[in-house]
Amino acid sequence: MHYPYQITSLEQYKQQYQQSIENPAAFWNDVAQHFTWKKPWNQTLEWEFTSPKVQWFQGAQVNITENCLDRHLPQNAHTPALIWEPNDPTEHQRVFTYQDLYDKVCQFAHVLTNNGVQKGDRVCIYMGMIPELAIAVLACARIGAIHSVIFGGFSAQSIADRLYDAQAEFIVTCDGAYRGAKDIPLKAVIDDALVGNNTVKRVIVCTRTRTPVSMLKGRDVWWEDEVKKVESQQQKHFPAVAMEAEDPLFILYTSGSTGKPKGVVHACGGYMVYTTYTFVNVFQYQPGDVHFCTADIGWITGHSYILYGPLCAGATTVLFEGVPTWPDAGRFWDIVDKYKVNILYTAPTAIRSLMGFGIGPLQGKSLSSLKTLGTVGEPINEEAWHWYHTHVGKGKCPVVDTWWQTETGGVLVSNLAGITPQKPSWATLPLPGVAVQLVNDKGEEVTEANEEGVRSGNLCITAPWPSILRTTYADHERCRTNYFATYPGKYFTGDGALQDADGNIRITGRVDDVLNVSGHRIGTAEVENAINMHAGVVESAVVGYPHDVKGQGIYAFVIYQGNHSNDEALIRKDILQTVTRVIGAIAKPDKIQFVTGLPKTRSGKIMRRILRKIAEGEWQHIGDTSTLLDPAVVNEIINNRL
Ligand code: PRX
């Protein structure tokens, strides 16, 4: 069986792509008919990229959870919606049918409203990968509260900044979270984040690890107690609140080239249509298939392709609490075998890390259920692509290389599994509705190609797709300057790309000061700010360098005051500790080189290009340094490079 909007041949893709670009409103108007709306729209699309202002399905009312849950009940109440695999494989899995998930979401929607949460309020969710995380997210959407999920690896300081930016009044968290052999004390981190906070009124704490926690009277309540109250009052069904199609559904913070993460805002209607459409088409989902996306719900991939896209499509989605290498490097393959997974969607960094263990961990695991493999988050090198294709997919599963971003909400460039051609390390063709353009630094379309017909430039999108970000929370000007001002009239992705004569796109990586470490975006300015918080640090500069497993590693050049020659190792540890405290462990530099000066222009600007070359081991190709304030500093840095 196919979904009505499912593309089933290359010819059809070409035709639909053409139609969607010529008349996006007509195209998406047709796709959107296959969803449940409380009220139809007056106008499919209105837009301009100057302010910017984009409105899809204006006048319509919708609740995404009616599409994720209610509409599946008549036919598929007993279909598994969510399969939860715990961190510890000896603990029991939990399976939620659509009916179960519906019941739990309604129940928690009552808990939220009983605790004073109203439509439009911001609810911060800081939890491990347990079913209650999915339930909390969907319950927010049910009542029209705006969720802001924060990845469990972020520090108290990062949470505090996000709570402040969103003026959040509510938090849902856990006592702790399991991740491999680790036990992370989430509630204690929240307590630290709340020191000095004056917006948060209520913290709902779900029990997971039974780590002792401190509960503040009047502010903190237990999830389980609140659920019991709802049960005793027989509060069951919760009517889905009518949302305008353009009302915000959620905020998700992401790094940019400035020191402060920005709150990307997605709107209810367009996000729903686009994530579902792309889920079905990219992975070629068929009813009954089991979909396993290994991302964390704390990132956009988890929002769009563990929860919203799959659930709107009535799919069975796997939620995995643990990590790929614990208790051993065969964990993904055990899960595929156990649940007969049909679609596996993971990150190149996970593939490279598992490659390091050889094919031993794959042996004895049946992977024959697999039909589609996917990657996301960073460029995949050919070696990793072939390993994935050969050893995991046994040469018979298409690999979809999906390029997209937090800001795009859903996949913009990817092959469609088994329908459009794959090309190792190329994301290939844009999805219907996605008008790509490569531009030079002046914003002019690149027309010159090399002898193989390949053009190279900065990747822009020239018209809106339904799940484009609408704004950055409480700061629309920031949205404009970040994405729409570099090349007026176009959305600038921040990525560089190649395009071949057939239109295939290959992402070459960020062209701004954003690093991509293990598929996670981290701004160099953010890491520098964190390092500079250390009392002994005078100044620092951070750049990326190629890393075998992580894709990019973080290289920090640090000017440290005073005598550090005796105990460099200890100072390094202190700096790492500082970064962990300010941002989180994901932003810890892999290398810290102490320097006496940084290469700067006469106007005081740090020449990152030079530092990047040194970090990449390309110091022979630095080029002209005569315009520097102090050229000698470069030699010193080269001589002491790590
Ligand atoms: O540089 C691109 C890279 O990840 C960035 C977006 O990061 P984030 O917003 O965290 O979202 C990641 C998950 C969607 C992009 O600007 N990126 C993402 N997917 C790919 C990729 N680079 C190359 N190939 C991809 N498939």
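Just so you know, ligand 1 is whichever comes first in the structure, and atom 1 is the first atom listed for that ligand.
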Pick one of side chain, backbone, both or neither for how N516 approaches ligand 1, counting any non-hydrogen atom pair under 4.0 Å.
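It is the side chain that gets close, since no backbone atom is under 4.0 Å.
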
Side chain, backbone, both or neither: Q405 near ligand 1, heavy atoms under 4.0 Å:
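For Q405, backbone and side-chain atoms both sit under 4.0 Å from ligand 1.
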
Run the numbers for me: atoms of ligand 1, each under 4.0 Å from some heavy atom of [X], listed by number.
| X | answer |
| --- | --- |
| T301 | 13 (C), 14 (C) |
| W404 | 6 (C), 14 (C), 15 (C), 18 (C), 19 (N) |
| V376 | 13 (C), 14 (C) |

Going by distance only, is there an N or O of [X] that falls short of 3.5 Å from an N or O of ligand 1?
| X | answer |
| --- | --- |
| D401 | yes |
| E407 | no |
| R521 | yes |
| T406 | yes |

Can you tell me how the ring of [X] sits relative to the ring of [Y], calling it parallel under 30°, perpendicular over 60° and tilted otherwise?
| X | Y | answer |
| --- | --- | --- |
| Y308 | Y271 | perpendicular |
| F283 | F279 | tilted |
| F332 | F320 | perpendicular |

Provide, to 0.1 Å, the distance between atom 1 (O) of ligand 1 and the closest protein heavy atom, together with that atom's residue and name.
D495 OD1, 2.6 Å

Closest to atom 19 (N) of ligand 1 among protein heavy atoms sits G377 N, 3.1 Å

Taking all atoms of both residues into account, what is the closest heavy-atom pair of W465 and G433, and its distance?
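Nearest heavy atoms, W465 then G433: CB-O, 4.0 Å.
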
Would W426 and D500 count as having a side-chain donor-acceptor pair, cut-off 3.5 Å?
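There is no such pair between these side chains.
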
Distance alone, cut at 3.5 Å: any donor-acceptor contact between the side chains of T402 and Y345?
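Yes, because at least one side-chain N or O of T402 sits under 3.5 Å from a partner of the opposite role on Y345.
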
List the steps and the verdict of side-chain contact (heavy atoms from CB on, under 4.5 Å) for Y305 and T278.
CA-CA 9 Å; Y305 299 113; T278 50; 2.5 Å; yes

I'd like to know if A427 contacts ligand 1, where contact means a heavy-atom distance under 4.0 Å to any ligand atom.
no

Min heavy-atom dist G494 to ligand 1 below 4.0 Å:
no

Atom pair OH (Y487) and OG1 (T493), whose distance is rounded to the nearest 0.5 Å:
9.0 Å

CA sep, side-chain torsions, deciding dist, call: R352, N381, side-chain hydrogen bond (donor to acceptor under 3.5 Å, both in side chains)
CA-CA 9 Å; R352 288 192 297 263; N381 47 314; 3.2 Å; yes

